[in-house]
Protein chains: 2
Amino acid sequence: MVTLAEVAQHAGVSASTVSYVLSGKRSISTTTRQRVEQSIRELGYHPNAGARALASSRSNIIALMVPLRTDMYVPVMMEIAIAVATTARNHGYDVLLLTGEEGPDAVRRVTGSGLADAMILMDVELDDERLPLLRGTDQPSVLIGLPADTSGLTCVDLDFRATGALCVEHLAMLGHRDIAVIGEAPAVYERHTGFAERTLDGLRSRAQELGVRLLHRPCEGGYDATAVTLARILDERPGTTGFVVQNESAVEPMLALLRQQGRAVPEDVSVVAVCPEQVAVQASVRLTSVAIPAQEMGRYAVEYLVAKLDGRGTDDVVLIAPELTVRASTGPAPSGSS
Amino acid sequence: MVTLAEVAQHAGVSASTVSYVLSGKRSISTTTRQRVEQSIRELGYHPNAGARALASSRSNIIALMVPLRTDMYVPVMMEIAIAVATTARNHGYDVLLLTGEEGPDAVRRVTGSGLADAMILMDVELDDERLPLLRGTDQPSVLIGLPADTSGLTCVDLDFRATGALCVEHLAMLGHRDIAVIGEAPAVYERHTGFAERTLDGLRSRAQELGVRLLHRPCEGGYDATAVTLARILDERPGTTGFVVQNESAVEPMLALLRQQGRAVPEDVSVVAVCPEQVAVQASVRLTSVAIPAQEMGRYAVEYLVAKLDGRGTDDVVLIAPELTVRASTGPAPSGSS
DNA sequence: AAAAGCTGTCGAAGCGCTTCGATGAACTCT
DNA sequence: AGAGTTCATCGAAGCGCTTCGACAGCTTTT
């Protein structure tokens with residue numbers, strides 16, 4: 001391995017000069033700088049990460065804790081992870097991938113060992129065990145998701161409350177008076193990840209404001225479970241003409257079922273999905289949907305973190321405004337319904 | 001931050017003794033060991049990663065290069081990534097997430113800086129630019145996927161050739177004489193990632209051996225593209241009764257289309273998918289499928305890497321034998337067909 | 001009973017870098 | 001012209017750890 005000292009010797013300067021060329025923390029004459037840069041290139045020098053971290057107590061690494069679970073929103077998680085990695089790289093950081101498996105211990109380990117300079121936590125629960133640790137350290141962190149108490153924390157998330165409201169609004173505007181929500185799996189609600197509840201909250205309160213009826217049913221996803229859920233809903237509220245689906249793996253089954261039952265989308269029933277763009281576009285009916293802005297969330301998270309690391313940051317909750325894209329799955333409520 | 005020296009002082013021993021307790025590289029008396037361990041616990045000591053890396057020239061980090069693209073097999077990628085992270089952790093390693101974006105430079109950077117001790121590359125192309133670099137360094141690496149020339153490399157992958165053969169075999173055994181393959185997007189074939197070609201290869205050669213007719217068509221996936229592809233196939237070979245689908249995003253559209261055309265699965269046509277288990281199980285018809293063993297691939301990759309890092313490894317190509325699980329989408333060919 | 005071998009521990013060197021204070025050279029000001 | 005500035009560079013200390021050789025106190029061998 002080529003070392004700083006070798007570069008220095010090759011360029012005929014001292015080691016510290018090379019270091020300053022690299023960091024730009026002191027001014028260096030143009031000629032010297034160029035000579036050093038030339039040597040670096042010729043020798044193929046790469047600073048040793050460990051030495052650098054030791055000397056500067058900065059690892060230039062951001063830890064990303066992803067949920068271990070692969071039962072939901074996997075593409076979203078992946079997209080976030082990739083956005084995080086890409087954005088981080090643009091700011092000179094690398095990304096360390098931690099799984100939720102270790103739980104709070106991972107936070108301790110990373111914080112204590114100086115492995116990473118900062119961390120991003122995904123899949124934050126309302127009352128997450130890791131939060132006290134984060135508050136108790138001066139290592140910057142950003143959460144993707146919203147815990148119950150956000151004091152002293154920085155969070156990025158889609159505004160799910162507004163998302164729910166937006167979905168209802170759209171359907172109500174089209175004349176639908178009876179709306180059903182196919183929700184996430186019951187486990188998701190029990191886990192208290194927050195986003196599902198917040199969506200529901202937005203759905204309900206806007207429904208009330210607009211005077212439309214709303215029925216919510218959790219749903220495991222997959223064909224069979226969706227069939228059961230749908231049957232129950234139609235049994236209970238046969239006049240339902242509007243659906244909001246917030247469960248990726250219920251989307252396609254749902255469309256298949258409706259087709260099978262001879263209910264045309266969007267002529268007889270309208271469907272709004274809360275899902276990644278790709279799912280909405282690739283579905284058998286191009287879906288009117290509110291996208292889950294995975295990339296944006298990942299990017300924001302990193303940018304807030306970098307700001308904090310540069311001493312510019314503030315604790316803050318950033319809710320990304322939802323955007324509803326109208327595609328082919330929603331239309332005016334059939335006349336005479338309800 | 002608590003340092004080794006502080007622990008040493010607290011326990012009344014020298015720093016090196018603490019280090020040996022931690023690493024176990026020299027024998028330490030039980031009493032001393034316990035005293036030191038006690039101090040470590042009391043002080044909440046975590047070794048500094050940078051210092052450790054510098055002194056030992058081992059970072060205990062494995063780099064994982066994932067494709068930047070999120071257009072295909074995302075859940076598979078994610079599952080592999082998580083399996084890698086989990087397995088690595090069990091061996092005392094952390095995982096650094098690199099995106100394909102940087103390309104070969106990432107390999108240089110990581111190798112040169114000692115950021116990671118080893119790397120795992122996903123989504124390897126037949127003639128990948130990164131391969132020469134890997135061969136030219138003594139840093140251990142494992143590829144997930146199979147390049148054209150595997151000399152001097154360690155690779156882990158599903159045996160896609162055998163997978164193709166297995167699918168044809170299964171259908172042929174059930175009496176299907178006209179089989180169509182809905183393949184990956186044309187871009188996948190053009191990219192020369194190998195796995196698609198290898199599957200096709202297996203499909204074709206076994207088809208020939210068994211004397212069944214095989215028609216292969218790439219397919220973009222999504223509802224519309226699948227509809228077009230299916231129509232073409234049925235136009236060209238109306239007697240087709242067996243389908244092999246190797247494109248996650250064509251699976252569900254395919255089933256919907258068949259249903260719509262009044263072709264019952266599995267009574268009229270049989271469908272075998274090559275896809276992650278979850279997709280096969282959650283589809284609207286429980287699919288007979290060959291699973292893509294993501295977890296296994298991730299786990300193997302790490303285990304081979306760790307073996308290499310411990311000096312036990314050998315270069316080797318590990319092809320995981322495919323397993324076909326019969327579910328509800330395949331059955332005997334309808335009599336009188338073909 | 002002396003030589004040889006273990007065990008358990010310590011001290012010190014050094015890993016490759018950053019960073020602080022110092023220093024000389026070249027300028028600027030009065 | 002001498003004092004004060006600024007600029008570019010150097011040398012040395014030190015980050016927290018690992019690891020090597022040394023050594024004291026044992027036990028075993030011859």
Side-chain angles (χ1 to χ4, degrees), chain A residues 1-37 39-40 43-61 92 94 109-117 309, chain B residues 1-37 39-40 43-61 92 94 109-117 309:
Chain A
M1 282 303 79
V2 187
T3 69
L4 227 213
E6 295 177 89
V7 174
Q9 190 174 9
H10 186 271
V13 297
S14 76
S16 49
T17 302
V18 177
S19 178
Y20 286 123
V21 168
L22 249 29
S23 69
K25 291 191 181 174
R26 283 200 185 174
S27 58
I28 296 288
S29 68
T30 319
T31 56
T32 307
R33 185 201 318 291
Q34 286 174 346
R35 204 142 34 82
V36 170
E37 281 167 352
S39 298
I40 289 177
L43 300 178
Y45 169 70
H46 286 272
N48 178 295
R52 186 169 257 192
L54 176 58
S56 66
S57 25
R58 284 289 226 109
S59 64
N60 284 302
I61 288 180
D94 273 296
R109 195 166 61 84
V110 169
T111 309
S113 66
L115 233 186
D117 297 332
L309 286 167
Chain B
M1 282 303 77
V2 188
T3 69
L4 227 212
E6 295 177 85
V7 173
Q9 191 174 8
H10 186 272
V13 297
S14 76
S16 48
T17 302
V18 177
S19 177
Y20 287 124
V21 167
L22 249 32
S23 68
K25 291 192 181 172
R26 284 201 184 171
S27 58
I28 297 286
S29 69
T30 319
T31 57
T32 307
R33 185 200 317 290
Q34 286 173 347
R35 204 143 34 82
V36 170
E37 281 166 352
S39 298
I40 289 178
L43 301 178
Y45 169 70
H46 286 271
N48 178 294
R52 186 169 257 194
L54 176 56
S56 65
S57 23
R58 284 288 227 111
S59 64
N60 285 302
I61 289 180
D94 273 296
R109 195 166 60 85
V110 169
T111 309
S113 67
L115 233 186
D117 296 333
L309 287 167

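Sequence lines set the chain letters: A, B, ... in the order given, protein chains first and strands last, and positions in each chain run from 1. Scope of the values below: all heavy atoms of this structure, side chains included, with no hydrogens, waters or symmetry mates.
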Listed nucleotide nearest any side-chain atom of A:P47, set D:dT9, D:dC10, C:dC17
C:dC17
Hey, which of these two, B:S29 or B:L54, hits DNA chain C nearer its 5' end, going by closest nucleotide?
B:S29
Letter per nucleotide, 5' to 3', of nucleotides 19-28 of chain D [B base touched, S only sugar-phosphate touched, - untouched; heavy atoms, 4.0 Å]:
BBBB------
Rounded to the nearest angstrom, tell me the gap between atom CG in B:N48 and atom P in D:dG14.
18 Å
Which whole-number value in Å describes the distance from B:L115 CG to C:dG16 C1'?
14 Å
For A:R26, give me all partners under side chain to side chain donor-acceptor pair (under 3.5 Å), at least two apart in sequence or on another chain.
none
When rounded to whole Å, the CZ to C1' distance for the pair A:R52 and C:dG16 reads 11 Å
How many Å lie between CE on A:M1 and C1' on C:dG14, as a whole number?
19 Å
Euclidean distance, atom CD of residue A:Q34 to atom P of D:dA8 [Å, nearest integer]
13 Å
Of the candidate nucleotides D:dA8, C:dG8, D:dT18, which contains the atom at the shortest distance from the side chain of B:T32?
C:dG8
Is a side-chain donor or acceptor of A:S57 paired with a backbone partner of A:A53 at a separation under 3.5 angstrom?
no
Do the non-hydrogen side-chain atoms of A:R52 and B:L54 ever get within less than 4.5 Å of each other?
no
Under the 3.5 angstrom rule, does the side chain of A:D117 hit a backbone N or O of A:R58 as a donor-acceptor pair?
no
Atom-to-atom span, NE2 of A:H10 to C1' of C:dG16 - whole angstrom
19 Å
Tell me: CG of A:L4 to C1' of D:dG11, nearest whole Å?
14 Å
Most 5' of A:V13 and B:T3 on DNA chain D, judged by nearest nucleotide
A:V13
Measuring to OP1 and OP2 of C:dC10, would you say a side-chain N or O of B:S14 lies under 4.0 angstrom away?
yes
Using a 4.5 Å cut-off on heavy atoms from C-beta on, say whether the side chain of A:Y45 contacts that of A:L22.
yes
Donor-acceptor pair, B:R33 side chain versus B:V21 backbone, under 3.5 Å?
no
So, the side chain of A:S113 versus the backbone of B:N48: is there a donor-acceptor pair under 3.5 Å, distance only?
no
Taken to the nearest whole Å, CG/B:N60 to P/D:dT18 is 10 Å
Under 3.5 Å, side chain of A:Q34 to main-chain N/O of A:T31, donor-acceptor pair present?
no
A:L4 and A:S19, any side-chain heavy atoms less than 4.5 Å apart:
yes
Measure the angle between the two terminal helix axes of the helix from C:dA1-D:dT30 to C:dT30-D:dA1, five base pairs each, and quote it to 10°.
40°
